[in-house]
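Positions are given from 1, in the same order as the sequence printed here.
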Amino acid sequence: MKRYYTIPEIAHRLTINSHSNLVSQKTVNKWISQKKPVVERIPENIRGFGIYPYWIEVTHLKSFLNEIGYDADKLFPDNA
């Protein structure tokens, strides 16, 4: 089964694992608007995701984060 992360989850993990860098949901959405990570719109029958109703499959997320300099395997371990 594929694992997906929402924009709030991504922003939260990037922020808590960086002692000097705040990554907001707006920043993650900016990356999406620049067509950088591959995203999917969250289905309408799943509610509660606010103004950024997108999620990213973990393999696409890790690939993108590694490209921009994050240690994606540490931030998003396979067993999470």
Side-chain angles (χ1 to χ4, degrees):
M1 188 165 156
K2 292 183 178 180
R3 171 73 167 117
Y4 292 87
Y5 288 96
T6 64
I7 291 175
E9 290 173 315
I10 295 165
H12 178 73
R13 286 201 185 196
L14 293 175
T15 297
I16 64 171
N17 286 290
S18 173
H19 299 289
S20 62
N21 190 19
L22 172 67
V23 179
S24 68
Q25 292 180 39
K26 197 177 246 186
T27 299
V28 177
N29 192 57
K30 181 178 164 187
W31 294 337
I32 291 169
S33 69
Q34 294 171 347
K35 309 276 192 249
K36 303 242 174 160
V38 177
V39 299
E40 297 177 28
R41 189 164 182 84
I42 296 174
E44 291 182 18
N45 62 333
I46 301 174
R47 298 177 183 231
F49 291 99
I51 61 174
Y52 304 118
Y54 299 98
W55 56 20
I56 304 173
E57 200 270 322
V58 70
T59 56
H60 296 295
L61 177 62
K62 285 182 175 184
S63 174
F64 171 70
L65 290 174
N66 286 330
E67 285 178 25
I68 62 171
Y70 287 95
D71 183 0
D73 291 323
K74 178 183 171 196
L75 296 168
F76 298 91
D78 291 336
N79 61 355

Novice: Closer than 3.5 angstrom, by distance alone: can the side chain of E57 be matched with the main-chain N or O of T59 as a donor-acceptor pair?
Specialist: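 Confirmed, E57 side chain pairs with T59 backbone.
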Novice: Measure the shortest side-chain to side-chain distance between F76 and L65 over non-hydrogen atoms and say whether it is less than 4.5 angstrom.
Specialist: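 A side-chain contact exists here, since the closest heavy-atom pair is under 4.5 Å.
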Novice: Please tell me if the side chains of Y5 and V28 come closer than 4.5 Å, counting only heavy atoms from C-beta onward.
Specialist: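 Side-chain contact under 4.5 Å: no.
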Novice: Has the side chain of R3 got a donor or acceptor atom that lies under 3.5 Å from a matching backbone atom of V58?
Specialist: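 Absent.
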Novice: To the nearest 0.5 angstrom, please state how far the CD1 atom of I7 sits from the NE2 atom of H12.
Specialist: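 Rounded to the nearest 0.5 Å, the CD1-NE2 separation comes out at 15.5 Å.
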Novice: Measuring from atom OH of Y54 to atom CD1 of I10, what distance do you get when rounded to the nearest 0.5 angstrom?
Specialist: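 Answer rounded to 0.5 Å: 13.0 Å.
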Novice: Can you tell me how far CD of Q34 sits from CH2 of W31, rounded to the nearest 0.5 angstrom?
Specialist: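 Separation between the atoms: 10.0 Å.
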Novice: How long is the gap from CD on E9 to CG on L14, to the nearest 0.5 Å?
Specialist: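 The distance works out to 11.5 Å.
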Novice: Using the rule that Ile, Leu, Val, Met, Phe, Trp and Tyr join whenever any side-chain heavy atoms are under 4.5 Å apart, tell me whether I68 and V23 fall into a single cluster.
Specialist: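 Linked within one cluster.
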Novice: Would you name the heavy atoms of A11 and Q25 that are closest together and state the gap between them?
Specialist: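 Shortest heavy-atom contact: CB-N, 3.7 Å.
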Novice: Look at the side chain of N17 and the backbone N and O of R13, then say whether any donor-acceptor pair between them is shorter than 3.5 Å.
Specialist: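 Such a contact is found between N17 side chain and R13 backbone.
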Novice: Is a donor on one side and an acceptor on the other found under 3.5 Å between the side chain of T6 and the backbone of W55?
Specialist: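 No; zero donor-acceptor contacts below 3.5 Å.
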Novice: Considering non-hydrogen atoms only, spot the tightest contact between K62 and P77 and give its length.
Specialist: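 In this case the closest contact between K62 and P77 is NZ-C, 4.4 Å.
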